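Predicted, not measured: the structure shown is a model, and the values here were computed from it. Letters go in sequence order (proteins before strands), and every chain restarts at 1.
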Amino acid sequence: MKKIFKLAFTDFKLIFRDPSLRSFLVLPVILFALIIWAVPPLIEKYAILAPYLSLFLVVGVIEDTQMFSFISSMVLIDEKESDVAKVYGVVPLNKMEYVLSRFLIPYLFTVVLNLVLLSVQTICEVSVLAILLISFLAALVVPVYALAINSMVQNRMQGMVYIKAFNMLVLIPVAAFFVPEKFVHLFGVFPTHWVFQAIDKATQNLSIGLFTVIGFVFFLSLLWWVSRTFVRKHFV
Amino acid sequence: MIQVENLVFQYPGNDGPTLKGLDFSIAKGEIFGFLGPSGAGKSTAQKVLYKILEGYKGQVNIDGKNLSEWNNSYFERIGVGFELPNHYLKLSGKENLELFAAFYTNGKKHNSTELFEMVDLADAMDKPVETYSKGMKMRLNFIRAIQHDPDILFFDEPTSGLDPVNAHKIKQHILNLKNQGKTIFVTTHSMETADGICDRVSFIVDGKLVLTDTPRNLKSSYGKEAVKVDLKNGQSEEFPLKDLGANPQFLEFLKQDEVKRIHTLEATLEEVFIRVTGKSLGDE
């Protein structure tokens with residue numbers, strides 16, 4: 001456990017000493033300000049937005065996950081590019097411990113961000129249980145995103161391209177809100193679809209059990225798969 | 001300590017193997033070197049031994065136990081000095097060292113300040129590594145490899161990027177580690193490094209070991225057991241080493257003029273390498 005916290009603490013040092021990463025830490029503050037102060041007056045003024053209230057929460061929740069998705073991806077890409085990753089390959093640290101140490105804090109931090117966002121927003125009413133489930137589920141985007149990118153890229157330039165692509169990928173299931181009912185779950189091939197649908201149903205006071213179960217199974221399976229791919233490639 | 005038999009390794013996607021059946025062993029307390037040009041397979045062999053590369057064929061035993069049977073405790077016993085500097089540039093040298101020390105049971109065996117003093121980096125230990133020169137980063141590589149007091153050390157081109165003074169110091173530190181009983185495996189394409197520190201060297205070319213022996217044996221068996229005397233008047237002559245002091249021609253020759261230079265005619269390791277392998281150490 002000491003090793004895990006040592007590494008997690010180092011990550012924060014690296015983030016705070018890199019201006020490009022440090023600036024990303026203000027992203028949730030901007031997002032919170034928009035959701036709390038900017039969106040409610042807009043909804044009041046434009047009635048046309050009423051059917052899409054849950055979409056504001058969908059975007060808010062997914063953007064919360066993007067801060068650490070980006071930061072963790074860049075920290076690992078730098079580590080790969082500078083060959084520091086090779087050093088982790090020859091220290092007595094289990095590779096899964098390594099993965100855990102890199103993502104436990106970002107994951108929990110993202111969970112907290114979503115808990116706060118969903119609790120303080122006034123756009124829709126969401127139950128406490130739904131807030132908890134959605135927060136824990138949505139935050140799984142962080143490790144899956146960063147590990148997937150780092151299983152594919154070798155340097156910062158490639159990383160930036162893939163990050164752009166992944167930013168779009170996670171948002172694609174938003175389109176499900178604009179298609180006929182029978183086509184909605186075609187977007188289920190994207191894991192974030194199940195998060196979005198859970199948020200939508202939660203805002204309508206409907207059960208989100210099925211969507212969160214599918215979401216957790218989907219994300220945890222992906223996490224298992226990308227972790228193995230990452231471990232195979234990162235330390236060589 | 002280390003026994004390797006018929007080691008074959010092929011990188012995924014490559015047409016053929018990089019290592020083509022290596023056989024060698026390294027005794028406890030020995031400095032063993034792989035000498036060969038770039039791309040010969042030196043670093044690949046080390047990577048197999050420090051368990052970064054999997055999927056090799058052949059037998060690798062460490063302390064009588066198959067390498068694949070060693071768990072994470074193996075990494076407590078080894079130290080790796082990588083060929084190129086690899087540190088967190090935003091962290092100071094000391095933060096880098098202490099971060100990796102935290103992973104070892106023995107990580108605090110050495111005082112970090114003393115390690116920095118040992119390689120003349122004490123003044124820079126609190127500065128970010130991004131301000132270090134390549135030579136300074138390589139010295140940081142070196143102390144990171146030894147800080148947890150491992151039994152087995154792997155150094156990949158340990159003097160690469162160092163000025164002659166620091167290269168000499170690092171070689172002295174490696175010899176001190178040998179005197180402490182450490183088993184050391186060095187790869188290099190530097191003839192001076194191999195000659196200066198290795199108990200035995202293997203010539204490696206195209207993934208195959210061509211010859212293994214002590215540097216002294218290699219140089220004497222491929223050179224002449226003779227001395228060459230150059231006089232200031234321009235005359236030059238060779239004399240066999242055997243009974244040199246009683247050789248009347250040699251003694252007479254010395255009287256002819258002031259001696260400019262006397263040197264033995266043993267081959268350099270590089271000359272032996274070229275003669276044995278037909279390749280130069282600078283070849284790709």
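When all heavy atoms are compared, the tightest approach of Glu98(B) to Lys6(A) is O-CE, 3.9 Å. In plain terms, the two heavy atoms of Asn94(A) and Asn72(B) that are nearest each other are N-ND2, 3.1 Å. Residue Tyr104(B) comes nearest to Pro92(A) through the heavy atom pair CE2-CD, 3.2 Å, listed as atom of the first residue, atom of the second, then distance. Residues Arg17(A) and Lys90(B) come closest through the heavy atom pair NH1-O, 3.1 Å. Minimum heavy-atom separation, Tyr50(B) to Val90(A): CD1-CG1, 3.5 Å.
Within 6.0 Å of atom CZ in Phe136(A), 12 or fewer heavy atoms from other residues, nucleotides or ligands are found, so the atom counts as exposed in its surroundings. By the 6.0 Å contact criterion, CZ on Phe32(A) is enclosed, its count of non-hydrogen atoms from other residues, nucleotides or ligands being greater than 12. Enclosure of atom NZ in Lys208(B) is not indicated, since only 12 or fewer non-hydrogen atoms of other residues, nucleotides or ligands lie within 6.0 angstrom. Heavy atoms from other residues, nucleotides or ligands lying under 6.0 Å from CE of Met96(A) number more than 12. Within a 6.0 Å radius of CZ in Phe9(A), no more than 12 heavy atoms belonging to other residues, nucleotides or ligands are found. Heavy atoms of other residues, nucleotides or ligands lying less than 6.0 angstrom from NZ of Lys65(B) number more than 12. More than 12 heavy-atom neighbours from other residues, nucleotides or ligands sit within 6.0 angstrom of CZ on Phe9(B). When the shell of 6.0 Å around NZ of Lys134(B) is examined, it contains more than 12 heavy atoms from other residues, nucleotides or ligands.
Within the 4.5 angstrom heavy-atom criterion, only backbone atoms of Pro85(B) (N, CA, C, O) approach chain A. Neither the backbone nor the side chain of Glu54(B) comes within less than 4.5 Å of any heavy atom in chain A.
Rounding to the nearest 0.5 Å gives a distance of 10.0 Å between NZ of Lys137(B) and OG of Ser82(A). In this structure, the separation between CG on Leu14(A) and CG on Leu91(B) is 4.5 Å, given to the nearest 0.5 Å. Note: Leu89(B) CG to Glu81(A) CD = 10.0 Å, rounded to the nearest 0.5 Å.
Below 30°, between 30° and 60°, or above 60°: for Phe100(B) and Tyr88(A) the angle between ring planes is between 30° and 60°, a tilted geometry.
Under the 4.5 Å side-chain criterion, counting only non-hydrogen atoms from C-beta, Phe82(B) is not in contact with Asp83(A). Proximity of Tyr88(B) to Glu79(A): side-chain heavy atoms (C-beta onward) are separated by under 4.5 Å at one or more points.
For the pair Lys86(A) and Phe154(B), the cation-pi criterion (under 6.0 Å, within 45° of the ring axis) is not fulfilled.
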